[in-house]
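The shown structure was predicted, so the numbers you read here are calculated from the model rather than taken from an experiment.
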Amino acid sequence: NMQLYNKITLFFWLVFSVVSFLIVTYQSITIGFDRWAYYYIIPFVTLMMFFLKRWMMRRMIAHQKFLAEKAAEEIKK
């Protein structure tokens, strides 16, 4: 089921961004911010992937609804 896959991947990106942020923050505190600061790009990119995936899911749902309405109008004609 595609909806289940979409929800799982959405959850994956969110969890991965939180976990990677926590790991990078911990490593920055323990080892040094100067060595780990550029790794903050990983949580940023994964968070952007989460928002992109969510936006695309909503866009696809709206498009499927539009196609269903269009098909219903064609049947009525």
Undergrad: Do Y38 and V24 share a hydrophobic cluster, counting only Ile, Leu, Val, Met, Phe, Trp and Tyr and linking them when any side-chain heavy atoms are less than 4.5 Å apart?
TA: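 The answer is yes; both residues are in one hydrophobic cluster.
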
Undergrad: Residues two or more places apart in sequence or in another chain: which of them pass side chain to side chain donor-acceptor pair (under 3.5 Å) with Y39?
TA: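 Residues passing side chain to side chain donor-acceptor pair (under 3.5 Å) with Y39: none at all.
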
Undergrad: Can you give me every donor-acceptor pair (side chain of residues 43-63, partner residue at least two apart or in another chain, under 3.5 Å) with its distance?
TA:
unit_1: T46; atom_1: OG1; unit_2: I42; atom_2: O; d: 3.0
unit_1: T46; atom_1: OG1; unit_2: P43; atom_2: O; d: 3.0
unit_1: K53; atom_1: NZ; unit_2: N6; atom_2: OD1; d: 3.0

Undergrad: T30 versus Y26: any side-chain heavy-atom pair under 4.5 Å?
TA: yes

Undergrad: Where do T25 and Y40 land on the side-chain hydrogen bond (donor to acceptor under 3.5 Å, both in side chains) test, with the steps shown first?
TA: CA-CA 8 Å; T25 302; Y40 277 108; 3.0 Å; yes

Undergrad: Any link between V15 and W13 through a network of hydrophobic side chains (Ile, Leu, Val, Met, Phe, Trp, Tyr) touching at under 4.5 Å?
TA: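 Hydrophobic grouping puts V15 apart from W13.
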
Undergrad: Can you tell me how far the CH2 atom of W36 sits from the CD1 atom of I23, to the nearest 0.5 Å?
TA: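 W36 CH2 to I23 CD1: 8.5 Å, rounded to 0.5 Å.
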
Undergrad: Assess whether atom CZ of F21 is packed by more than 12 heavy atoms of other residues, nucleotides or ligands within 6.0 Å.
TA: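 No.
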
